[in-house]
Amino acid sequence: MAGFDWQRMFIGNEPPFFFLEIIIRTAIIYAYTLILLRWLGSRAIGQLSTVEFLLVIALGSAVGDAMFYPDVPLLHCLLVVTAVVLANKFIDLGITRSKVIEHLIDGKPEQAVRDGVICSSFLNSSSLGTSELLQQLREKGIRQLGEVEHAIVEANGVLTVFKSARARPGLPILPPWEIERPQEVDRRSVDALLSCMQCGHTSTDRCAPICAHCDNDRWTNAIATGGEHGD
């Protein structure tokens, strides 16, 4: 291989129709990766939007290959970069002009906790696991679910938490259950305020051992913010 072969560096030895193939290959890979990212959900993205995350991946790969591999012509790299940026621009325009496209690409916020109880729709979704939800709540200083008025998983995967003005007794989440699991209580044998160990719903009704919110049958003592048991 001769050094500083300008034709090899910028154009390569492929026929002209290969440039069209590059555009088609880029479009296919871009679309397929976008579908996979939407399937993975917001947890894989963090604070970047889906399109921004994909843009970073695509540009990093295209630019890196041209920098390190001498058999990758620069013109091919520039063509890929241009195609990716244009695709990203068109998607951004679609997102700003259509709520349907915005929700399709970026997803929608999802309510995780309402009035100290984990929403049943969230329990059945795959956006964020319950253990991950409790972890993020602890990171925001939450000791028990009764302190939470609203917790929302934003479209980019970030958890937004609004604390109750007056915390009610609720399901203890501190310390993590992997360290110390709350003691299960037979609901039919006590009159104390109990919390469902799946969703956090609290009740003193001994006649209904099944949670009315999520059909769970495991209960523990609800605690107030200071750590004492709820009355």
Side-chain angles (χ1 to χ4, degrees), residues 1-112 119 121-133 135-136 139 151-161:
M1 180 182 297
F4 291 100
D5 183 344
W6 298 107
Q7 179 176 343
R8 173 181 58 80
M9 286 179 60
F10 285 93
I11 302 177
N13 299 317
E14 290 77 9
F17 272 110
F18 185 67
F19 295 113
L20 179 60
E21 180 181 332
I22 290 177
I23 295 177
I24 295 175
R25 287 157 63 104
T26 301
I28 293 174
I29 294 175
Y30 188 96
Y32 179 69
T33 307
L34 181 61
I35 293 172
L36 287 181
L37 288 176
R38 289 298 303 127
W39 178 70
L40 284 175
S42 55
R43 285 182 295 174
I45 300 171
Q47 297 189 14
L48 294 176
S49 69
T50 304
V51 175
E52 292 169 339
F53 188 73
L54 180 55
L55 181 64
V56 171
I57 294 176
L59 292 183
S61 178
V63 172
D65 288 350
M67 287 180 176
F68 291 105
Y69 299 109
D71 57 336
V72 177
L74 294 180
L75 189 59
H76 294 182
C77 170
L78 296 177
L79 188 58
V80 170
V81 170
T82 302
V84 168
V85 171
L86 288 177
N88 186 80
K89 187 64 176 178
F90 282 125
I91 290 177
D92 279 340
L93 289 174
I95 289 175
T96 57
R97 295 180 180 180
S98 171
K99 282 293 182 182
V100 175
I101 296 178
E102 179 183 1
H103 293 161
L104 182 64
I105 300 298
D106 285 339
K108 296 186 292 185
E110 181 180 8
Q111 188 164 42
C119 300
S121 58
F122 178 83
L123 290 172
N124 297 322
S125 74
S126 59
S127 60
L128 196 68
T130 303
S131 60
E132 294 171 286
L133 170 65
Q135 174 189 335
Q136 293 195 34
E139 290 173 355
I152 300 169
V153 181
E154 305 290 354
N156 61 359
V158 175
L159 184 69
T160 302
V161 177

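This one's a predicted model, so the numbers in the text were calculated from it and none came from an experiment.
Summarising the geometry, atom CG belonging to N88 is positioned 9.5 Å from atom CG belonging to L93; distances are rounded to the nearest 0.5 Å. Summarising the geometry, atom CD1 belonging to I152 is positioned 14.0 Å from atom NZ belonging to K108; distances are rounded to the nearest 0.5 Å. In this structure, NE2 in H103 is found 10.5 Å from CD1 in I95, a value given to the nearest 0.5 Å. Rounding to the nearest 0.5 Å places CG of L20 at 9.5 Å from CG of L79.
Residues satisfying the side chain to side chain donor-acceptor pair (under 3.5 Å) test with T130, not counting sequence neighbours, are none. Applying the side chain to side chain donor-acceptor pair (under 3.5 Å) rule to E102 yields the partners K99; only residues at least two apart in sequence or on another chain are considered.
For E110 against F122, the heavy-atom pair with the smallest separation is OE2-CA, 3.5 Å. Taking every heavy atom of both residues into account, L133 and A112 meet most closely at CD1-CB, 3.9 Å. Smallest separation of non-hydrogen atoms from V153 and L159: CG2-CD1, 3.9 Å.
Defined by atom type and a distance below 3.5 Å, a donor-acceptor pair is present between the side-chain atoms of Q135 and E139.
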